[in-house]
Amino acid sequence: MGNTVSFGGPSVVSAVEASGEPEPDRPVPRRLLTARGLGDRLFRYQLTATGLAVLAIMAAVGLFLLLRAAQALRVRGLKFLTTAAWQPDVHNFGIAAVLTGTLLIAAVAVTISVPLAVGTALFISDVAPRRLRRTLVTMVDLMAAVPSVVYGLWGLFFLQQHVIGLSRWLSDWLGWIPLFTVDGTRPGEPLASESVYTASTFVAGIVVALMVAPIQCSVMREVFAQAPAGEREGAYALGATRWGMIRAVVLPYGKGGIIGGTMLGLGRALGETIAVYLIISPVFVIQPHILQTGSNSVSSLIALHYGDASTFGMSALMAAGLALFLLTLAVNFTASSIVARSRSGAQSEA
Amino acid sequence: MTVVEETGLTEGRGEGTDVRTDADGPVDAVPGTELPDRPRRIGGVSRSGVLSLAGAAVSGLCVAVLLFGEVAPFSGALGFTVTAYAAFLAIYAVLTGLEEDRQAVRDRVMTVVLWTAAVLLFTALTLVVGFTAWRGREALPHGNFFTQDMQAAGPLDPLTHGGIAHAMLGTLIMITIALAITVPLGLACAVYLNQIPGRFSRFVRTIVEAMTALPSIVAGLMVYAVWILGLGMQKSGLAAGFAISVMMLPIVIRASDVVLRLVPGTLTEAAEALGAPRWRTVWHVVLPTARSGLATAVILGTARGIGETSPVLLTAGFTAALNGNPTDGPMISLPLAVFTFVKSPEPTMIARGFGAAAVLMALVLVLFAIARVIGGRGPGHQSKRQARRTAKASRRDEQRFAELHAPALQLFDSGSHDDTEQTNDSGDSH
């Protein structure tokens with residue numbers, strides 16, 4: 001007990017008084033849920049059953065893909081990861097090419113979308129005129145809901161022709177970097193065929209970037225908006241400029257949101273099917289030159305071949321789908337663990 | 001640039017505690033004089049700011065013209081823009097640096113960069129939507145586009161033949177099936193995650209969160225593996241509905257979970273304290289409180305589900321005919337119709353594809369607008385009509401209580417009233 005306190009008269013007296021009182025008088029919190037009625041028990045069982053059902057559905061996705069893929073995976077073993085060709089009917093197939101393509105497209109997309117998304121999110125949360133903010137937020141959220149096939153159409157019929165200049169410029173000036181090399185062209189040659197620049201990883205990446213940027217932006221903006229007003233005002237009171245405040249308060253606070261939003265966009269970019277399928281011309285070699293025509297991705301491989309696949313071919317496609325599934329799952333788990341560990345998430349648990 | 005930002009700092013301005021710190025505004029406060037009682041400007045326009053912005057823009061343009069026309073062998077519209085922009089930024093930094101310190105220069109330049117990022121993104125997005133709507137203008141004015149299917153129309157037929165009625169019906173049926181599965185299951189699961197905490201529900205939540213970015217084609221593959229390969233069913237609208245449900249379920253659960261978490265704990269505690277069993281608390285307190293948010297979650301999930309192509313591609317098959325029976329025969333949805341239309345080289349088919357895409361986009365827009373209207377408020381905030389209804393109900397309750405306990409209440413009421421009056425009086429007399 002605390003009656004050895006030596007602070008002064010009154011506190012000692014009160015402590016003695018407190019200790020003199022009998023112990024059981026301390027308020028004990030009322031215990032809830034001691035006697036559950038029948039209705040409540042049924043309710044709990046039902047809800048738990050729903051939770052189980054959802055879990056079962058989610059587990060079924062992985063399980064059935066694995067079951068169906070087993071046949072193909074048994075045939076190829078580890079070569080499934082290292083082969084670039086896709087000829088399942090002669091048992092020569094693997095995801096080296098499509099997986100590289102998927103990763104490259106996602107990398108291009110994230111490289112383009114993240115600066116845009118961070119900039120726009122900061123713009124909406126801190127720079128934009130107050131009247132505009134609600135409109136901009138609504139616009140970003142709406143854009144995140146625009147179907148991917150619309151982005152695909154735009155990429156195919158609009159961007160494809162207009163991006164050639166940019167591709168050529170990049171390959172002319174940065175062609176010495178292997179990533180930007182385009183076979184069959186020389187820098188500064190004006191008459192080179194334009195078709196070598198179309199249907200490339202780069203074009204698909206731009207389209208996917210525009211598709212995921214609103215999603216990333218909306219996640220980031222939400223976190224930026226939660227940055228504590230007291231700290232913002234403190235920074236201003238210390239004489240920070242607006243950018244100084246953003247760097248000192250908003251960005252450190254929103255780090256988790258930036259990473260989480262980026263990963264969420266990455267997950268979407270990895271799994272995007274239709275927009276990519278419409279734009280690229282599929283090749284089954286590892287294509288590291290992002291500006292050159294020809295690319296591939298796991299999901300567009302599935303969309304391309306599911307119709308004419310034999311039973312074994314279908315099993316091979318299931319194996320490719322399983323690989324994509326595991327990849328996005330890994331990205332998502334990383335994202336949610338980063339967001340959960342960061343300070344940004346702390347206040348969303350209201 | 002054209003922003004005057006007022007932070008919470010300025011709210012106490014009537015009390016004379018506000019000090020104007022002039023880090024980035026024009027230096028006009030002479031030390032020693034009385035400081036004006038004005039809020040600090042954090043962004044905002046000043047004459048010199050506008051002038052240096054305009055000057056930098058003009059000279060950036062001039063530098064680019066000079067480089068491209070006279071000095072260096074650059075070419076291309078894009079290169080021109082990039083050079084002009086870089087020159088503009090550099091010159092703007094120098095101009096601002098003439099009268100400001102380094103912090104302020106950095107602030108000004110970054111403000112311009114943020115504006116650029118936002119303008120760039122919004123322009124690109126507007127371009128995407130506008131382009132589709134613009135190209136859809138060829139097919140949309142034809143009435144038959146909305147009432148006929150493509151059964152009788154060949155690829156070479158003009159736009160006055162054939163339409164997307166079959167795709168519209170297909171989308172409607174598929175999304176109905178998906179909603180019939182997703183709404184009860186998703187909402188119940190979200191309630192489970194919130195109401196029955198524990199290790200298992202945390203695990204379910206983790207899995208659901210990881211599944212939100214499930215590639216839609218994987219959802220399609222899963223239903224293909226189970227329903228078509230496993231159970232030997234044919235491709236149909238029902239299978240597509242299942243595939244869309246698998247894709248939508250995590251999205252709806254996660255969004256509803258977030259909304260339910262925002263229901264004030266005091267409300268549920270009040271219900272518990274009144275002795276309500278848990279299920280009554282959920283049914284009468286939690287769900288009604290979160291109603292608008294839950295509707296938003298469902299509608300946003302619907303918007304995603306309607307727009308997905310790949311699950312439908314794998315599971316619904318393809319047809320040009322109107323098919324109203326989801327259990328029998330192939331069916332087609334709007335995004336799938338867009339996809340198949342634009343794969344054709346015929347201009348009329350491509351025009352139909354854009355028309356269908358515009359319809360799809362309009363559908364998403366309408367859903368989104370509905371979500372905004374009913375979901376604009378957080379949990380616990382009521383619309384005017386709801387507030388009126390609640391007020392009426394509580395007036396009725398009050399009357400009921402008054403009738404039940406009339407004498408007791410009367411006594412208690414008047415007693416406490418007198419008490420306060422007395423204390424007030426004594427306070428005044430001091």
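Each chain gets a letter, A, B and so on, in the order its sequence line appears, and its residues count up from 1. Bear in mind that the values here come from a model prediction, so they are computed numbers and not experimental data.
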What residue in A/V207, A/V149, A/V331, A/V298 has the most heavy-atom pairs under 4.5 Å with chain B?
A/V149
Contact part of A/T138 toward chain B, heavy-atom cut-off under 4.5 Å: side chain, backbone, both or neither?
both
Shorter than 4.5 Å, heavy atoms on both sides: which option in B/T212, B/V218, B/V128, B/L114 has the most such pairs with chain A?
B/V128
At a heavy-atom separation under 4.5 Å, does B/V113 approach chain A through its side chain, its backbone, both, or neither?
neither
Need one label for A/M314: side chain, backbone, both or neither, based on atoms under 4.5 Å from any heavy atom in chain B.
side chain
Sort out for me which of A/P147, A/G271, A/S113, A/A117 touches chain B most, counting heavy-atom pairs under 4.5 Å.
A/P147
So which residue, A/G230, A/P115, A/G155, A/A145, ends up with the most heavy-atom pairs under 4.5 Å with chain B?
A/A145
Mind listing the closest non-hydrogen atom pair of B/L125 and A/L210 along with its distance?
CD2-O, 3.7 Å
I'd like to verify something: which residue of B/I253, B/L314, B/L336, B/L214 has the highest number of heavy-atom pairs under 4.5 Å with chain A?
B/L314
Please report the shortest heavy-atom distance between A/S300 and A/V276, naming the atom on each side.
OG-CG1, 4.3 Å
Taking the six-membered ring for Trp, are the ring centroids of A/F157 and B/F131 within less than 6.0 Å of each other?
no
How about B/I217 and A/L324: do any of their side-chain heavy atoms sit closer than 4.5 Å?
yes
Measuring heavy-atom distances to chain A, does B/L185 have an atom under 4.5 Å in its side chain, in its backbone, in both, or in neither?
both
For chain B, which candidate among A/L42, A/L136, A/I246 shows the most heavy-atom pairs at distances under 4.5 Å?
A/L136
Residues B/S216 and B/S310: side-chain donor-acceptor under 3.5 angstrom:
yes
B/T123 and B/T126: side-chain donor and acceptor closer than 3.5 Å?
no
Taking NZ, NE, NH1 and NH2 as the nitrogens, is one of them in B/E308 or B/R304 under 4.0 Å from a carboxylate oxygen of the other?
yes
Taking the side chain as every heavy atom from C-beta outward, state whether B/R280 and A/D40 have any pair of such atoms under 4.5 Å apart.
no
Can you name the closest pair of heavy atoms from B/P215 and A/T328 and give their distance?
CD-OG1, 3.5 Å
Does some side-chain heavy atom of A/L251 sit less than 4.5 Å from a side-chain heavy atom of A/L122?
yes
Which atoms of A/A229 come close to chain B, meaning under 4.5 Å heavy atom to heavy atom: side chain ones, backbone ones, both, or neither?
neither
Let's test your reading of the structure: which of B/M110, B/M361, B/Q195 forms the most heavy-atom pairs below 4.5 Å with chain A?
B/M110
Is any side-chain heavy atom of B/F242 closer than 4.5 Å to a side-chain heavy atom of B/T315?
no
Toward chain B, the part of A/T273 with a non-hydrogen atom under 4.5 Å:
side chain
Given a strict heavy-atom distance threshold of 4.5 Å, which part of A/R232 is in contact with chain B: side chain, backbone, both, or neither?
neither
Chain A: which of B/G307, B/P184, B/S245, B/A118 shares the most heavy-atom pairs with it under 4.5 Å?
B/A118
Tell me, for A/L142 versus chain B, whether the close heavy atoms (under 4.5 Å) come from the side chain, the backbone, both or neither.
both
Check whether B/V258 gets within reach of chain A through its side chain, its backbone, both or neither, counting any heavy atom under 4.5 Å.
neither
At a heavy-atom distance under 4.5 Å, which candidate from B/P250, B/A303, B/A225, B/A357 has the highest pair count against chain A?
B/A225
In a table with atom names and distances, give each donor-acceptor pair under 3.5 Å that connects a side chain of residues 45-69 of chain A to protein atoms at least two apart or in another chain.
unit_1	atom_1	unit_2	atom_2	d
A/T48	OG1	A/R44	O	2.6
A/T50	OG1	A/Q46	O	2.7
A/T50	OG1	A/L47	O	3.3

Go through the atoms of B/V223 and report whether side chain, backbone, both or neither lie under 4.5 Å from a heavy atom of chain A.
neither
Could you have a look at B/L229, B/L120, B/V191, B/V204 and say which one has the most heavy-atom pairs with chain A under 4.5 angstrom?
B/L229
